[in-house]
Every structure is written in structure tokens, then in C-alpha cells.
Amino acid sequence: MNEPQVNVDHFYHRPVFHVVGLLTDKSEVPAISRDLAASGVDVAAVEILCGEQGARILDADGRYHGLRGRVVRTLQRFGYDATTLDLFDEALRNGDLVFHVPARPADRYRIGALLQRHQVHDVGYFGPGTFEQFPILDPD
């Protein structure tokens, strides 16, 4: 089985066509990877950010990705992306992992539910020009 990419310096303006979420329990990563692979996701295309290095890659204020990064993040501060950026930046600095799972629009709910079953929280989907926050699944 392939493994997710960890802390690859891929600066996203917005990770369009990705389900994203936060994971506190790192021991869930192998099980998540197995379930994603079993559901047809190319696990090698999954990206995980973690720690201070992950926070620098996320780059909530754009300082590590040049003028383009600063301009992109400044403009995002005027919209709803600021909340998501701040949430993910704080989570990374507190030890959580940020998952980016590529997903077609038709697959977003299925993949989001799969992640939530493994305690991934604050799950959402970036579509073209949109961000959809998923409701918390009922554990029953």
C-alpha cells in the first residue's frame, strides 16, 4: 500500500477538490490509509501536514512563500478562508495533523464520513470557490 505524503511543501491558495480535516490521534493514520485505499483513493496523493514544519507549509500569513504567498493570504483574510487558515494553523502548532484528501465532488461525503469514523474532526470540502463544513456524524 502507498503512504500519504507528509510535509510536502505544496503551497495551496485553496486545496480545490480536497476533503480536509484535523486529526489528533496519530495512531489512526495507518487505519485511515487502509480504508482510503480500500475505497479507491490513491493514498500516495493524500497529503498530511504536521508540526511546525507543517505550519510553515500551510503558511497562514504567506511569509514563507514569497510575494505571491503574502498577497494570496492577505486577500484570504478578507473572506471565510481566514477562519479555516487560523483553525488549521493553531491545530498544527498544538500537535494535530491536517489531512488533504483529493476527492471528486460526488465522493466528498463518503470520504468525509470515512475520515470522521477515524476521529478526524473539523472536516470540510474545498470546491471551486466554496468551502463546505461537514456536520459532526452521529456516532450511532
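Just so you know, these numbers use all the heavy atoms, side chains as well, and skip hydrogens, waters and symmetry mates.
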If you look at every heavy atom in [X] and [Y], which pair is closest and at what distance?
X: His118; Y: Leu114; value: CD2-O, 3.3 Å
X: Pro128; Y: Val16; value: N-CG1, 3.8 Å
X: Arg108; Y: Pro105; value: NH1-O, 2.7 Å
X: Val8; Y: Leu49; value: O-CD2, 4.5 Å
X: Asn2; Y: Asp42; value: ND2-OD1, 4.0 Å
X: Val43; Y: Ser33; value: CG2-O, 3.4 Å

Taking the side chain as C-beta and beyond, is there a heavy-atom pair between [X] and [Y] under 4.5 Å?
X: Asp122; Y: Gln133; result: yes
X: Phe99; Y: Ile32; result: yes
X: Leu97; Y: Lys26; result: yes
X: Ile48; Y: Val98; result: no
X: Val20; Y: Tyr125; result: no
X: Leu23; Y: Asp96; result: no
X: Pro4; Y: Glu47; result: no

Task: Evaluation steps, side-chain contact (heavy atoms from CB on, under 4.5 Å), between Val46 and Leu36 - done: CA-CA 9 Å; Val46 173; Leu36 286 171; 4.1 Å; yes
Open item on the list: Just verifying a value: how many Å separate Asp89 CG and Asn94 CG, rounded to the nearest 0.5 Å?
Closed with: 9.5 Å
Open item on the list: Using 0.5 Å steps for rounding, measure from the CD atom of Gln53 to the CG atom of Leu58.
Closed with: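 Reported to 0.5 Å precision, the distance equals 12.5 Å.
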Among all residues two or more places apart in sequence or in another chain, which pass the ring pair (Phe, Tyr, Trp, His ring centres under 6.0 Å) test with [X]?
X: His121; answer: none
X: Phe17; answer: none
X: Phe88; answer: none

Between [X] (side chain only) and [Y] (backbone N and O only), is there a donor and an acceptor less than 3.5 Å apart?
X: Gln116; Y: Pro135; result: yes
X: Asp107; Y: Ala103; result: no
X: Arg110; Y: Ser39; result: yes
X: Asp25; Y: Gln119; result: no

Task: Aromatic contact, Tyr109 with Phe134 (centres under 6.0 Å) - done: yes
